[in-house]
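Structure first, commentary second.
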Amino acid sequence: MNFSFDSVGNFLRQAKEAKASKRAEIDKGLSPLLADPSTFAIAPDAADLLEKSLERYGDEALKATAIVALGKWVELHGTWLEQHMLNGSIQEAVLTACDMTKLTQAVRLLEDVGSFGGDDDYRAAVREQINQAVLERLEETGEEPSDIFDPYTDPLL
């Protein structure tokens with residue numbers, strides 16, 4: 001194979017072409033697995049993040065991640081439920097509400113699952129990271145902590 005790199009773009013194009021046959025072979029091998037509706041997968045970078053959290057903090061990190069993910073899914077269903085109701089799509093609204101109920105039940109089940117360890121370490125690490133993120137936001141916006149944590153509002157809203 002003869003490579004000539006007149007530009008960065010040309011280099012990247014040729015590098016991609018050089019791996020095209022391997023990518024096609026990998027895709028062919030993955031196709032039956034990923035086409036199966038009973039196969040669930042997440043992006044490798046997300047899997048790496050979950051694995052690192054599990055190693056560092058224990059299964060509490062997985063529990064929290066699952067509950068937050070399900071909560072976001074419930075929130076999305078709530079948005080769609082509202083849209084269905086506004087558009088008079090009653091059948092779709094009922095189906096969405098049924099799914100939303102199942103997701104809410106899953107959250108409640110996960111809340112009752114105990115962790116094998118790492119709860120205190122995980123919560124301390126999350127607290128520290130959230131504290132830093134809020135501090136950075138306050139510095140960017142010029143706000144004060146009282147602007148976020150107003151004593152007259154419900155902190156859960």
Side-chain angles (χ1 to χ4, degrees), residues 7-9 11-13 15-16 19 22-23 26-27 30-31 33-157:
S7 68
V8 172
F11 168 77
L12 294 174
R13 183 183 55 74
K16 186 174 181 178
K19 296 179 182 183
K22 283 188 179 180
R23 288 183 190 279
I26 291 168
D27 193 50
L30 289 174
S31 189
L33 178 66
L34 295 179
D36 183 350
S38 64
T39 298
F40 294 93
I42 61 172
D45 55 348
D48 290 344
L49 181 62
L50 288 173
E51 192 62 36
K52 287 176 187 172
S53 294
L54 177 61
E55 288 172 9
R56 187 166 181 189
Y57 305 113
D59 66 330
E60 180 67 19
L62 294 178
K63 176 181 175 180
T65 301
I67 290 173
V68 169
L70 285 168
K72 292 284 187 186
W73 206 1
V74 169
E75 183 181 343
L76 181 64
H77 274 72
T79 301
W80 279 101
L81 177 60
E82 185 178 340
Q83 290 300 314
H84 290 319
M85 296 299 290
L86 289 172
N87 293 323
S89 305
I90 301 304
Q91 183 176 353
E92 290 84 355
V94 169
L95 292 172
T96 302
C98 287
D99 284 348
M100 198 170 168
T101 301
K102 292 173 190 172
L103 291 168
T104 303
Q105 289 172 337
V107 170
R108 290 184 189 265
L109 285 172
L110 284 175
E111 288 173 344
D112 292 336
V113 174
S115 296
F116 291 109
D119 180 54
D120 293 338
D121 292 340
Y122 177 74
R123 290 184 182 274
V126 167
R127 181 184 201 113
E128 183 179 320
Q129 291 174 28
I130 292 172
N131 189 305
Q132 182 64 32
V134 170
L135 177 64
E136 290 174 12
R137 178 174 177 242
L138 291 175
E139 290 172 349
E140 289 174 5
T141 62
E143 294 177 290
E144 294 295 322
S146 61
D147 295 332
I148 295 176
F149 303 108
D150 187 317
Y152 300 107
T153 61
D154 186 345
L156 299 177
L157 295 177

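Positions are given from 1 along the sequence.
Partner of Leu70 under the side chain to side chain contact (heavy atoms under 4.5 Å, CB included) criterion, out of Leu103, Leu109, Thr65: Leu103 alone.
Thr96 places no side-chain N or O within donor-acceptor distance of the main-chain N or O of Leu81, the cut-off being under 3.5 Å. At least one donor-acceptor pair closer than 3.5 Å links the side chain of Thr79 to the backbone N or O of Glu75. A distance-only check finds a donor-acceptor pair linking the side chain of Asp147 to the backbone of Glu144 [under 3.5 Å].
Between the OG1 atom of Thr101 and the NE2 atom of His77 there is a distance of 10.0 Å, given to the nearest 0.5 Å. To the nearest 0.5 angstrom, Lys22 atom NZ is 15.5 Å from Asp27 atom CG. One distance of note links CE of Met100 with CG of Leu76; it measures 10.0 Å at 0.5 Å rounding. Rounding to the nearest 0.5 angstrom, the gap separating the CG atom in Asp59 from the OH atom in Tyr122 is 11.0 Å. With rounding to the nearest 0.5 angstrom, the CG atom of Leu138 is 9.5 Å from the CD atom of Glu140. A distance of 13.5 Å separates OG in Ser31 from CD1 in Ile26, rounded to the nearest 0.5 Å.
At least one side-chain heavy atom of Ile130 sits less than 4.5 Å from a side-chain heavy atom of Val134.
The minimum heavy-atom distance between Arg123 and Glu60, with the atom names listed, is NH2-OE2, 3.6 Å. The nearest pair of heavy atoms linking Leu110 to Ala66 is CD1-CB, 3.7 Å.
Classification of the His84-Trp80 ring pair by plane angle, with boundaries at 30° and 60°, yields tilted.
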Output, in order, the C-alpha distance, side-chain angles, deciding distance and verdict of side-chain contact (heavy atoms from CB on, under 4.5 Å) for Gln83 and Glu92.
-> CA-CA 10 Å; Gln83 290 300 314; Glu92 290 84 355; over 6 Å; no
Ser89 and Asn87: CA distance, side-chain angles, deciding distance, side chain to side chain donor-acceptor pair (under 3.5 Å) verdict = CA-CA 5 Å; Ser89 305; Asn87 293 323; 5.3 Å; no
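Taking a 6.0 Å sphere around CZ of Arg13, one finds it holds more than 12 heavy atoms contributed by other residues, nucleotides or ligands. Taking a 6.0 Å sphere around CD of Glu143, one finds it holds more than 12 heavy atoms contributed by other residues, nucleotides or ligands.
Between the side chains of Glu136 and Gln132, at least one donor N or O lies within less than 3.5 Å of an accepting N or O.
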